[in-house]
Structures are given as structure tokens and as C-alpha cells.
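To start, the structure under review is shown below, and the notes come after it.
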Amino acid sequence: MSMGCEKHDLLSRFMASQGESYTETALRDVVISFLLAGRETTSSALTWFFWLLSSRPDVERRIRDEVAASVWGEDARAYRPERWLDPDPAEATFRPESPFRYIVFHAGPRICLGKEMAYIQMKSIVASVVEEFEVAVDGGYTPRQVASLTLRMADGLPVRVKDFRGGN
Ligand code: HEM
């Protein structure tokens, strides 16, 4: 296979990485090995793993916390928007994070095409609301998540809106 090969699938990479050429039979055996050795094994192990894990929610919680902490640090679950700013106080400007770390819009070839538009809309709405109003949520209220195509808040968010410039 020539060095200019554009294909990046596993077999093409395998063929490109070898100095010598392989017979079709040898290549077929390599593919069968990958499929047999690599598919059933890991998927079976993971199936048993999730079955075992379901009996230990405490372990599941620890894994989740550890993953979150390794990506975002110990305060991963805290609402701390300053984390997006340049740590240099003189700068304090927004520092974009890799979409592979901040994945709400996903990343790679299927990244959200409306990301910039969504930000423009959301920023302009937040700016015009916050400029004029104070939006207060009852301290004891805990929103519930509705898992659907998007992550909605069950029954909306009950708030008390106060005119920031002195009205009601
Ligand atoms: C907060 C707002 C939004 C979020 C969190 C969001 C999130 C996402 C995510 C996660 C995907 C990837 C889905 C996948 O993996 O296939 C996606 C795809 C997409 N989004 Fe958004 N989105 C938002 C707003 C918008 C807006 C406003 C538009 C258009 C005006 C839009 C247009 C699209 C399109 C066209 C795709 C498909 C991209 C592709 O598969 O090539 N999104 N979005």
C-alpha cells in the first residue's frame, strides 16, 4: 500500500504499517482475529461489569466523581463560571475550551452547526433580562430533569421576577 493512502480504517492502517505485503488469506485472518478477539471479549466484559456495577451505586458514584474530577478538577460539579476565564486577573477574558472537553455541542465532524447562533441568541437574551430584572428562585426548590431529545426542566422553572431598577 502506498504512503499516500487516505484510508484510516483499522485494516488500511494495519496494511500501511507493515513493510511487506500480506496475502489476502493472511489479511482475512487478521480481520477475523480483530473481530473475534476484540468484539465479544470487551462487550461481554462490559456487560458483566455493568451488571455488577448496578448492585453498587456507591461505586458507580465514585467512578463518576473520579471521571469528572480528572477532566475538570475536584470542583467539577460546582457552578463556577470563572473557570472559563483566563486565570491571569489582568486578562480575565473568556478562554475557549476544547469541544472535546466541553461536549454539550459535541465535537468532531458532527459538532453542532448552530453552536455560534445558539450562543448569540442565549447571550443576547441573558444580557437583556439580567440588565433589567432580577430572577429569583426559591432557595428550597430542586429542579427535576426530563431526559428526552434535549435535557428539559420538568414543569419549567418557577421564579420571582423583580424589576432591577426599582419596580416590582
Ligand atoms: C443550546 C443550544 C444547542 C445545543 C446544546 C445543541 C447541541 C447539539 C449537539 C450535541 C449536536 C450533535 C448531535 C449528534 O451527535 O449527532 C447538535 C447537532 C446539530 N445542531 Fe445543535 N445545539 C444547539 C442549538 C442549535 C441551533 C440554534 C441550531 C440551528 C440554528 C442547531 C443546529 C444543529 C445542526 C444542524 C446539527 C447537526 C450537525 C451535523 O450532524 O452535521 N443547534 N447540536
Side-chain angles (χ1 to χ4, degrees), residues 4-14 16 31 34-35 37-54 57 59-89 91-165:
C5 172
E6 293 295 319
K7 293 183 176 169
H8 297 294
D9 60 274
L10 202 56
L11 183 59
S12 303
R13 282 166 186 251
F14 179 84
V31 172
F34 274 133
L35 292 179
R39 184 177 167 276
E40 289 295 325
T41 47
T42 41
S43 61
S44 297
L46 284 170
T47 307
W48 288 109
F49 167 77
F50 281 111
W51 179 69
L52 290 169
L53 188 66
S54 71
V59 174
E60 187 180 347
R61 199 164 37 247
R62 277 164 59 193
I63 293 174
R64 191 172 295 125
D65 288 348
E66 190 179 326
V67 171
S70 69
V71 176
W72 286 116
E74 292 300 326
D75 62 351
R77 291 182 180 278
Y79 175 59
R80 198 174 63 79
E82 310 79 59
R83 72 172 87 237
W84 306 110
L85 303 180
D86 194 309
D88 178 357
E91 290 288 335
T93 49
F94 174 64
R95 195 182 43 168
E97 192 49 81
S98 159
F100 289 93
R101 288 188 87 196
Y102 183 69
I103 52 161
V104 287
F105 292 96
H106 284 187
R110 304 308 297 265
I111 192 169
C112 173
L113 292 178
K115 180 177 166 218
E116 296 307 323
M117 186 176 172
Y119 271 130
I120 290 172
Q121 286 177 345
M122 293 188 293
K123 280 183 193 172
S124 58
I125 289 171
V126 170
S128 28
V129 170
V130 172
E131 186 190 15
E132 295 202 36
F133 304 103
E134 192 183 293
V135 180
V137 180
D138 184 282
Y141 183 75
T142 308
R144 274 187 308 112
Q145 299 179 345
V146 183
S148 70
L149 190 60
T150 57
L151 185 63
R152 289 187 294 111
M153 204 182 277
D155 309 318
L157 180 66
V159 296
R160 187 168 293 118
V161 179
K162 200 174 144 194
D163 189 330
F164 190 64
R165 290 182 283 208

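Atoms within each ligand, like the ligands themselves, are counted from 1 in listed order.
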query = What part of Val104 sits under 4.0 Å from ligand 1 if we count only heavy atoms: the side chain, the backbone, both or neither?
reply = backbone
ask   = Where is the nearest protein heavy atom to atom 28 (C) of ligand 1: which residue, which atom, and how far?
value = Gly114 CA, 3.4 Å
message = What protein heavy atom lies closest to atom 14 (C) of ligand 1? Include the residue and the distance to one decimal.
response = His106 ND1, 3.6 Å
inquiry  = Determine whether Val59 and Leu53 satisfy the following criterion, side-chain contact (heavy atoms from CB on, under 4.5 Å), listing intermediate values before the conclusion.
reply    = CA-CA 7 Å; Val59 174; Leu53 188 66; 3.7 Å; yes
message = Any heavy atom of Ile111 closer to ligand 1 than 4.0 angstrom?
response = yes
request  = Would you verify that at least one protein heavy atom lies under 4.0 Å from atom 37 (C) of ligand 1, or report that none does?
outcome  = no
inquiry  = List ligand 1 atoms under 4.0 Å from Met122, heavy atoms only on the residue side.
reply    = 1 (C)
ask   = Which residue holds the protein heavy atom closest to atom 6 (C) of ligand 1, what is that atom called, and what is the gap in Å?
value = Phe105 CD2, 3.6 Å
ask   = Counting distance only, does the side-chain N/O of Ser98 pair as donor-acceptor with the main-chain N or O of Phe100 below 3.5 Å?
value = yes
Any donor-acceptor pair under 3.5 Å from Ser128 side chain to Ser124 backbone = yes
message = Before you tell me yes or no, could you show the steps for Glu97 and Trp84 under side-chain contact (heavy atoms from CB on, under 4.5 Å), namely the whole-Å CA-CA distance, both residues' side-chain angles and the distance that decides it to 0.1 Å?
response = CA-CA 8 Å; Glu97 192 49 81; Trp84 306 110; 3.8 Å; yes
ask   = Salt bridge or not for Glu66 and Arg62, using N-O below 4.0 Å?
value = no
request  = Apply side-chain contact (heavy atoms from CB on, under 4.5 Å) to Leu11 and Val31, showing your working.
outcome  = CA-CA 7 Å; Leu11 183 59; Val31 172; 3.8 Å; yes
query = Which residue supplies the protein heavy atom nearest to atom 24 (C) of ligand 1, what is that atom called, and how far is it?
reply = Ala118 CB, 3.8 Å
Under 3.5 Å, which donor-acceptor pairs link side chains of residues 74-81 to any protein atom two or more places apart or in another chain?
residue, atom, partner, partner atom, Å
Asp75, OD1, Arg83, NH1, 3.4
Asp75, OD2, Arg80, NE, 2.5
Asp75, OD2, Arg80, NH2, 3.3
Arg77, NE, Asp65, OD1, 3.4

note = Short version for Met117: what comes under 4.0 Å of ligand 1, heavy atoms counted, is side chain
request  = Look at the rings of Tyr119 and Phe105 and say which category their plane angle falls in: under 30° parallel, 30 to 60° tilted, over 60° perpendicular.
outcome  = tilted
query = Does any N or O atom in Lys115 lie less than 3.5 angstrom from one in ligand 1, N or O only?
reply = no
Arg110 N/O under 3.5 Å from ligand 1 N/O = yes
task = Would you tell me which option among Ala107, Cys112, Pro99 has the nearest heavy-atom contact to atom 18 (C) of ligand 1?
result = Cys112
